[in-house]
Every structure is written in C-alpha cells, then in structure tokens.
Amino acid sequence: MLYIYLFREKLISIIYDEKLIGWWGYSRVGFSNATNMIIAPIILILDNIIGNKNIKILIIISSIITALISQNRGIIATYIAVLIICIILNNFNKKRKLTLVMLFFTTIMCIMVFVAFKSDILNAVISSNNQIISRFGEIFNGGAASGQVRVVTNSLNRVFIESSKYMGVGLGILLELYNTDYLASSISLFIDNGFLTLLIKMGIVTMFFVAIAIVICIINVIKYSSYRVSNRIGILSILILYLLISGFITAQLIYSSPVSSLAVLSSIILLQKRLNSNTNNESYNYSN
C-alpha cells in the first residue's frame with residue numbers, strides 16, 4: 001500500500017474505477033485488507049509470536065502507515081484504541097508501574113487541555129489542510145456524511161427483514177444504498193453492515209449460529225489458561241473491536257476474502273487451542 005501511495009497519481013486510475021476516484025480522489029489509498037492491521041499491536045502482549053524487537057517495531061510502524069494512508073476513520077480510531085490497550089497491557093505484564101502512572105497522568109492532562117481549549121482545538125482540526133485530520137474534523141462539524149448514509153441505508157433496508165418474516169430473502173437479492181436525502185444512489189449485494197446483511201439475506205437462524213460461533217470464541221479466550229489474564233483481556237478487546245469494524249461498521253467480514261479468511265482462521269485457532277488445553281488437562285488428570 002505504501003508503494004501505491006507514493007506513486008498514486010499513476011496507479012490509482014488503474015486500480016480504482018471512476019466511482020471510487022470520484023469518492024476518494026487520488027489522496028486516499030484504501031483496501032479491505034487494511035482492516036487486518038488492527039490486530040498488529042497484539043505482538044506487543046504476546047511475546048511468543050515474535051521475539052525480535054526490531055521486527056516488532058517494523059510491523060507496528062508498517063501497520064500505522066497502512067491505517068493512516070487508508071484515511072478510514074473507523075480503522076484509524078480502532079487501531080489507536082487497540083494500540084493503547086496493548087501498550088498498557090504490555091507495561092502491566094512487565095510491571096512497569098512508572099510507565100503506567102505517566103501514561104495515566106498524560107491522559108488526564110490531555111483531557112484537561114482539550115476541555116479547556118475545546119473550541120480552539122476543534123476549529124483547528126476542522127480547518128486543517130491535512131486530509132486525515134480534516135476527515136475527523138467532519139465528525140465534530142456534523143459533516144460526516146458517510147456515517148449518516150450508513151444510518152439511512154441500514155434503516156431503509158430493514159424492511160426486507162419484516163417482509164421475509166426473519167427467514168431471509170436469499171443471497172442473490174440486491175440491496176439499495178441510499179443518500180442522506182433518502183434517495184437511492186446505487187445497488188449492491190451488501191450494505192455497510194455485515195451482520196445486518198447476513199440477517200436480511202439468510203435470516204435469523206443463520207445469525208443465531210453466527211452468534212454462537214462468536215460467543216464460543218469469546219469463551220475460549222476467557223478460559224484459555226495458558227495466557228495471562230492481561231493477555232486474555234487484550235485478545236478479547238481486539239476480537240470485539242475487530243468484529244465491530246469489520247461486521248457492524250462495514251461488511252468486510254462477508255465480502256473481503258482477507259478479512260473473512262483471518263476471521264475464520266482465528267476462530268479455528270482459538271477452538272483448537274481450547275481443545276488442546278482440554279486434552280492436556282484430561283491427560284494430566286488421568287496420569288494422576
């Protein structure tokens with residue numbers, strides 16, 4: 001993605017169609033696999049994944065760059081949240097109390113400065129020439145049209161749920177995407193809400209099994225005793241935030257092969273680790 005961003009003036013017109021160029025222009029380089037960068041900070045709390053510090057730093061820097069050049073507010077905000085959680089848990093695991101205390105007071109100071117100079121800060125953000133900062137400024141200025149479009153589109157497409165009596169209208173049904181003026185703008189196989197798309201197309205029965213699969217993964221993370229409690233908290237936080245950005249805010253969980261593949265692979269690994277843990281416990285009890 002960095003290579004594409006550096007030579008975007010020549011490459012964007014080849015990669016994007018006219019609609020995407022009209023939406024994003026030539027300053028934004030975003031692909032669905034950028035969502036997977038959200039889980040990169042997990043290497044800070046799981047030392048058994050990558051032990052080399054230099055490789056860790058390279059991965060973190062690369063993931064930050066990928067999130068920033070995507071200019072996706074959801075990905076950037078979620079990445080920041082995950083990174084902060086992992087930094088806190090990493091210091092907690094290594095008992096770096098001084099770092100945690102400094103981080104706590106720094107956060108308090110930032111909040112106090114923001115409250116004291118709220119109007120000045122918001123005006124600077126809104127009027128910024130930086131593409132990324134100005135996109136976040138749209139939220140404070142009430143101009144985040146993409147969020148409003150999602151709300152309108154989700155609410156109007158819910159009619160399919162009632163018309164099918166919660167049994168689903170089928171995978172082939174096309175869904176309409178609406179503007180904020182409630183006029184249809186385009187049609188697609190999905191809307192920017194993966195779980196709602198599944199509910200509309202495949203009904204409540206399928207969603208029931210999806211919910212069970214998610215709950216099983218969460219339980220396995222909580223009960224997996226080979227990890228510290230702090231590590232399990234980190235993994236659980238990342239899992240929930242990943243599902244939020246890929247399943248609720250977008251539909252990448254169902255249409256993006258890199259995202260859906262990672263989700264399926266992670267589910268299999270979590271289940272397998274739990275099975276191995278149970279097998280080892282049973283073998284230990286039997287030997288005793």
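FYI, the numbering just counts along the sequence from 1.
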Legend entry - Same apolar cluster (I L V M F W Y, side chains within < 4.5 Å links), Ile87/Met37: no
Legend entry - Met207 side, atom CE; Ile161 side, atom CD1 - distance, nearest 0.5 Å: 9.5 Å
Legend entry - Sub-4.5 Å side-chain heavy-atom contact between Ile245 and Ile38: yes
Inset, instruction - Would you list the pairs meeting side-chain hydrogen bond (donor to acceptor under 3.5 Å, both in side chains) in which at least one residue belongs to residues 239-248, sequence neighbours left out? - result: Asn36-Tyr242
Legend entry - Cluster link Leu243 to Ile238, ILVMFWY, side chain under 4.5 Å: yes
Legend entry - Check: Leu175 and Ile187 side chains under 4.5 Å, non-hydrogen atoms: no
Legend entry - Nearest atoms (heavy-atom pairs only) where Ile249 meets Arg150: O-NE, 2.8 Å
Inset, instruction - Could you tell me whether Met202 atom CE has more than 12 heavy atoms of other residues or ligands within 6.0 Å of it? - result: no
Sequence neighbours excluded and cut-off under 3.5 Å, please list the side-chain donor-acceptor pairs for residues 75-82, or say none.
unit_1 : atom_1 : unit_2 : atom_2 : d
Thr78  : OG1    : Gly74  : O      : 2.6
Tyr79  : OH     : Ile60  : O      : 3.4
Tyr79  : OH     : Ser63  : OG     : 2.5

Legend entry - Pairing residues for Phe190 by the ring-ring contact (aromatic ring centres under 6.0 Å, His included) criterion, not counting sequence neighbours: Tyr255
Legend entry - Residues forming a side-chain contact (heavy atoms from CB on, under 4.5 Å) with Ile55, sequence neighbours excluded: Ile50, Asn52, Ile59
Inset, instruction - Using a 4.5 Å cut-off on heavy atoms from C-beta on, say whether the side chain of Phe195 contacts that of Val210. - result: yes
Inset, instruction - Dump the intermediate steps for side-chain contact (heavy atoms from CB on, under 4.5 Å) on Leu244 and Ile240, then the final yes or no. - result: CA-CA 6 Å; Leu244 178 66; Ile240 293 173; 5.5 Å; no
Inset, instruction - Kindly compute the distance separating OG (Ser256) from CG (Leu262), expressed to the nearest 0.5 Å. - result: 10.0 Å
Legend entry - Minimum heavy-atom distance between Val169 and Ser163, given as atom pair plus value: CG1-OG, 4.4 Å
Legend entry - From Asn154 atom CG to Tyr178 atom OH, the distance as rounded to the nearest 0.5 Å: 11.5 Å
Inset, instruction - Determine which pairs satisfy side-chain hydrogen bond (donor to acceptor under 3.5 Å, both in side chains) with at least one residue from residues 189-209, sequence neighbours left out, and list them in order. - result: none
Inset, instruction - Would you check if the side chain of Asn90 reaches a backbone N or O of Ile45 as a donor-acceptor pair within less than 3.5 Å? - result: no
Legend entry - Non-hydrogen side-chain atoms of Thr250 and Thr35 separated by less than 4.5 Å: no
Legend entry - With sequence neighbours excluded, residues passing side-chain contact (heavy atoms from CB on, under 4.5 Å) with Val205: Met167, Phe209
Inset, instruction - Check whether any side-chain heavy atom of Leu177 sits under 4.5 Å from a side-chain heavy atom of Ser188, and report yes or no. - result: yes
Inset, instruction - Nearest 0.5 Å please: distance from the NZ atom of Lys56 over to the CG atom of Leu58. - result: 13.5 Å
Legend entry - Side-chain touch Arg158/Ile200, heavy atoms, less than 4.5 angstrom: no
Legend entry - Shortest non-hydrogen contact from Leu171 toward Leu189: O-CD2, 4.2 Å
Legend entry - side-chain contact (heavy atoms from CB on, under 4.5 Å) against Ala213, all qualifying residues, sequence neighbours excluded: none
Legend entry - Taking every non-hydrogen atom, the tightest pair across Ser155 and Val152: OG-O, 2.8 Å
Inset, instruction - Just jot down the side-chain contact (heavy atoms from CB on, under 4.5 Å) partners of Phe208, sequence neighbours excluded, or say none. - result: Ile212
Inset, instruction - To the nearest 0.5 Å, tell me how far Ile64 CD1 sits from Leu83 CG. - result: 5.5 Å
Legend entry - Distance-minimising heavy-atom pair for Gly194 and Ile254: O-CD1, 4.0 Å
Inset, instruction - Give a yes or no on whether Leu174 and Leu183 share a hydrophobic cluster (residues Ile, Leu, Val, Met, Phe, Trp, Tyr; joining criterion: side-chain heavy atoms under 4.5 Å apart). - result: no
Legend entry - Considering all heavy atoms, the nearest Ile85-Leu241 contact: CD1-CD1, 4.3 Å
Legend entry - Atom CD1 of Ile214: over 12 foreign heavy atoms under 6.0 Å: yes
Legend entry - Separation between CZ of Arg232 and CG of Leu239, rounded to the nearest 0.5 Å: 14.5 Å
Legend entry - ring-ring contact (aromatic ring centres under 6.0 Å, His included) partners of Phe160, counting only residues at least two apart: none
